[in-house]
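Data first, discussion second: the structure below is written as C-alpha cells.
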Amino acid sequence: MGSLIERLDRRIAEALAAVTGIPDAAAAVKPTEDERFGDFQANGVMSLAKRLKRNPRELAREVLARLDLGDICSRVETAGPGFINLTVSSRFLSAELGALARDARLGLDAAAVRETIVVDFSCPNVAKEMHIGHIRSTIIGDAICRLLEARGHDVRRINHIGDWGTQFGMLIEYLRRTDPEAVRGGKTLAIGDLEEFYRAAKARFDADPEFAEAARREVVKLQAGDPESVAVWRVICDVSRRKFEENYALLDVRLEEMGESFYNGFLPEIAADLAARGIARESDGALCVFLEGFGAPFMVRKRDGGYLYATTDLAALKYRVEAMGARRIIYVTDARQKEHFRQLFAAARLAGYAPEDVRLEHAAFGSILGADGAPLKTRAGRNVLLKDVIAEAVARARRVVAEKNPELPAAEQDAIARIIGVGALKYFDLRQNPSSDYVFDWDRMLALDGDTAPYLQYAYARVQSIFRKGAVREEEYAGVDPLIDARVEARLGLWLLRFGETAAAAARDCRPNIVAGYLYELAARFTAFYGECPVLKAEEPARAGRLLLCRLTARVLAAGLRLLGIEVSERM
RNA sequence: GCGCCAGUAGCUCAGUCCGGAUAGAGCAUCGGAUUUCUAAUCCGACGGCCGGGUGUUCGAAUCACCCCUGGCGCGCCA
C-alpha cells in the first residue's frame with residue numbers, strides 16, 4: 001500500500017499527469033513545516049508550471065479540480081505561488097492508526113526485492129586493543145545492518161579485521177621469546193593487555209637489531225605457511241578475538257569474521273589477472289592501476305613483490321560479489337579513506353569485478369574530537385580504550401539511577417544503568433549525520449533532558465508506567481480506531497504513521513541519524529500529548545483510543561531504538 | 001601543488017544529494033506550569049547578513065563559478 005506520503009503523491013501525480021499530459025510529473029509531496037499549511041504539501045505544480053511556461057497558481061487550481069482526496073483529507077487547497085496544501089481528516093487518521101496497531105511491522109515494510117548486502121564494519125587490528133577509533137564504525141555499522149535487516153535483506157556483517165601483515169613477524173617473534181610455553185601449548189597466555197604487548201614488541205624491534213632481523217625472518221616464514229609460525233599467529237589472533245568479543249558483547253553487536261588473511265591466497269591471482277588484461281601495468285617496479293581523474297595510481301603490488309591493502313580490498317570485493325552474491329557492499333570507515341575507496345570502486349568497475357548494478361558505497365564517518373577540537377586522546381596522549389569508554393558510560397548512568405530511583409533493588413539499578421549508559425553512548429554518535437565530526441561530551445551524552453537516549457528511554461518508561469498503573473488489559477484498547485480530538489493527538493498520530501518510511505529512508509541512505517531524529521520528535525510529541533491528555537482517567541471511548549496511542553508510541557519507540565541497537569527499560 | 005570535507009543562533013548540531021512559504025532543534029539564559037498516569041517533564045521568550053561575493057531562478061542554506069578560513073588526504077603503511 002505504501003506510506004501515506006506515497007499514496008498522496010501518487011494520487012496527485014495522477015491528477016498532474018491528467019491535466020498536463022506529462023506522465024512522469026512529480027507531485028513532490030512533503031510534510032509541511034508550518035501547521036497553518038495543513039499536514040502535507042505538494043510542491044510539484046510549481047516546477048512543472050515552469051517547464052510548461054504556465055501560471056503555477058492557475059495550474060494548481062486545475063489540478064485541484066481533478067483531485068478527489070475526500071477519503072483522506074478534510075481540506076485540500078491551493079496556496080501561495082502554487083502549493084497544494086493537504087489536511088488529513090481525523091476520521092482517516094483514526095482508521096490508519098487502528099490499522100497500524102494491527103500491523104506487526106508497524107508500517108516498516110520489507111523491501112520489494114530481498115538482496116544480499118555486505119556491510120564491512122568495525123575492523124579492529126589483531127594484537128591491538130579496540131579503542132575510541134573503532135566505536136563509530138562498530139556502532140554505525142551495526143545500526144546500518146539492523147536497518148537493512150529490518151527491510152528484509154540478507155545482511156552479511158563482515159568484520160574485515162587486520163590479521164595479516166608485516167607487523168606479525170615482530171609479534172610472533174616477541175611472543176616466542178617472552179612466553180615460549182604459550183607458543184608450544186597455547187593453554188595459558190601472558191598477554192593481558194594487548195596494547196602493552198604490541199608496544200613492548202615494537203620497542204624491542206626498534207632497539208634490538210638481532211630481534212628485528214629475527215622478526216623479519218618470521219614474516220617470511222609466516223607468509224610461506226610455516227606450521228609453527230602459523231600456529232603462533234593463530235594464538236595471537238585468538239587472544240585478540242576474545243578481547244574483541246568482550247567489547248561486542250557489551251555493545252550487543254554481532255559480526256562475522258573474515259579478516260585480511262582470508263584473502264591472502266587470492267592476491268597473486270588478482271595481480272596477475274590485472275596485469276594480464278592490461279588493467280594494471282608496471283611503474284618503477286610496482287604494479288599499478290592508473291585511473292583517470294586520480295592523482296596517484298592504485299598500487300596493487302610493491303616493488304619488492306609484497307601486496308598492499310588495495311590488493312586485499314580488491315580481492316575481498318571480488319569475493320563478495322562473486323562468491324557471496326552481494327548486490328550492495330557498504331564500507332563503514334573513516335572519512336579520511338574516501339579517496340582510497342573511490343579508487344577501489346573505480347578499479348573494481350574497470351576490472352569488471354563489480355558489475356554496474358552492484359552498488360558500492362563508502363559510508364564515511366567523521367572524527368570524534370575532544371573538548372579542545374583535536375581528535376580525542378587520553379591525557380597521556382594515548383588512544384582511549386573502547387572498554388573504558390563503555391565502563392565509564394555505565395558507571396555514570398549508574399550514579400544517576402541511584403540518585404533518581406534509590407528504592408529500586410541494586411541488581412535492577414545495575415541492569416538499568418547498563419541499558420542507559422550503553423544507549424547514551426550509542427545514541428550520542430548515531431544522532432548526528434555520520435559524515436560530520438563531533439565533540440565528545442559525557443555530560444551532554446548522559447543528560448536527562450534534550451536529544452539524548454535517556455530522554456527517549458524515559459518516554460518509553462513513562463508509557464509503560466501508564467499500563468502498569470492502570471493494570472490495563474489488552475482487550476481494553478486492542479482493535480479500536482482511536483478517537484482523534486485534540487491537536488496533540490493528531491500530531492502524535494501523524495508522526496506514528498511515518499515510522500516505516502523513515503526507517504526505509506535511513507536504510508536506503510545508510511543514515512541512522514534519520515531514525516534518531518524521528519524518535520526524538522516522536523518522544524517530544526508523546527510528552528506533549530501526555531501532558532495535555534489524561535489517559536487512564538479519560539472517559540470512554542477516548543480512553544481506549546488514548547491507550548492505543550500510548551501502546552503504539554511504546555512499540556515504535558522500542559522498535560526504533562532497536563534499529564539503532566539501543567535497548568529500553570520498563571522502569572528507570 | 002593537486003584533491004576531498006567542513007563553515008548555519010553564545011555552544012553542539014539538523015536541514016544541502018532531489019531548490020519552495022517567515023531557516024529548525026537541543027543546550028545555555030530568562031519567564032511560567034506540579035493536590036493529576038514517573039518533573040529524568042511540559043509551555044513560552046530571547047537569540048541568525050546560513051563564511052564572503054557573483055550568477056541561474058517566480059523562488060537559493062540547498063544549484064554554478066570565484067574567494068576566505070579550518071580540517072584531512074595524496075606510489076611502495078592500513
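In the text below, chain A, chain B and the rest are named by the order of the sequence lines, each starting its count at 1. Given the structure is predicted, the values throughout are model-derived calculations rather than measurements.
Environment of CD in A/Glu407: crowded, with over 12 heavy atoms of neighbouring residues, nucleotides or ligands closer than 6.0 Å.
Comparing B/C67 with B/G24, their P atoms are spaced 33 Å from each other, to the whole Å.
Here A/Arg511 lies in heavy-atom contact (under 4.0 Å) with sugar-phosphate atoms only. Across all strands, A/Ser367 comes closer than 4.0 Å to no nucleic acid atom at all (heavy-atom distances). A/Lys50 comes within contact range of at least one nucleobase, with a heavy-atom separation under 4.0 Å. Nucleic acid contact class of A/Ala49 (heavy atoms, under 4.0 Å, all strands): none.
Salt bridge A/Arg54/A/Glu62: present, at least one basic N to carboxylate O contact under 4.0 Å. Checked for salt-bridge contact, A/Arg396 and A/Asp443 meet the test: a charged N lies under 4.0 Å from a carboxylate O.
The side chain of A/Pro81 lies closest to B/G20, out of B/G75, B/G20, B/C18. When distances are taken from the side chain of A/Ala286 to each of B/G15, B/C76, B/G20, the shortest belongs to B/C76.
Spacing between atom NZ of A/Lys128 and atom P of B/A78 amounts to 11 Å, rounded to whole angstrom units. One can place CG of A/Asn513 at 18 Å from P of B/U12, the figure rounded to the nearest angstrom. The nearest whole Å value for the distance from the CG atom in A/Asp443 to the C1' atom in B/A28 is 13 Å. A/Phe205 places its CZ atom 13 Å from the P atom of B/C77, with the value rounded to the nearest Å. Spacing between atom CZ of A/Phe298 and atom P of B/G3 amounts to 21 Å, rounded to whole angstrom units.
Relative to the six-membered ring of A/Tyr518, A/Arg498 misses at least one condition, a distance below 6.0 Å or an angle of at most 45° to the axis. No cation-pi contact links A/Arg491 to A/Phe529, judged by a cut-off of 6.0 Å to the six-membered ring centre and 45° from its axis. Judged by the 6.0 Å distance and 45° axis criteria, A/Arg431 is not positioned over the aromatic ring of A/Tyr520.
Residues from residues 428-439 of chain A with heavy atoms under 4.0 angstrom of RNA chain B, sorted by number: A/Gln432, A/Asn433, A/Ser436, A/Asp437, A/Tyr438, A/Val439. Against RNA chain B, the stretch residues 333-342 of chain A makes heavy-atom approaches under 4.0 Å through A/Arg336, A/Lys338.
The only option from A/Tyr455, A/Trp442, A/Tyr438 that meets the ring pair (Phe, Tyr, Trp, His ring centres under 6.0 Å) definition with A/Phe428 turns out to be A/Tyr438. Among A/Leu557, A/Ile416, A/Ile419, the one residue that satisfies the side chain to side chain contact (heavy atoms under 4.5 Å, CB included) test with A/Gln457 is A/Ile419. Put simply, the residue from A/Leu64, A/Thr78, A/Leu59 that forms a side chain to side chain contact (heavy atoms under 4.5 Å, CB included) with A/Val45 is A/Leu59.
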*asked:* Is there a ring-ring contact (aromatic ring centres under 6.0 Å, His included) between A/His160 and A/Tyr263? Walk through the geometry before answering.
replied: CA-CA 10 Å; A/His160 189 78; A/Tyr263 307 98; 5.7 Å; yes

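Below the 3.5 angstrom threshold, one finds no donor paired with an acceptor across the side chain of A/Thr452 and the base of B/G26.
Base pairing of B/G1: its partner is B/C74, meeting the Watson-Crick or G-U wobble criterion (both donor-acceptor distances under 3.5 Å).
Proximity of A/Val76 to A/Asn85: side-chain heavy atoms (C-beta onward) are nowhere separated by under 4.5 Å.
Side-chain rings of A/Tyr331 and A/Phe121 stay apart, their centers remaining 6.0 Å or farther from each other.
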*Starting at the 5' end of nucleotides 31-44 of chain B, put B wherever the base has a protein heavy atom under 4.0 Å, S where only the sugar-phosphate does, and a dash everywhere else.*
-----SBBSBSS--

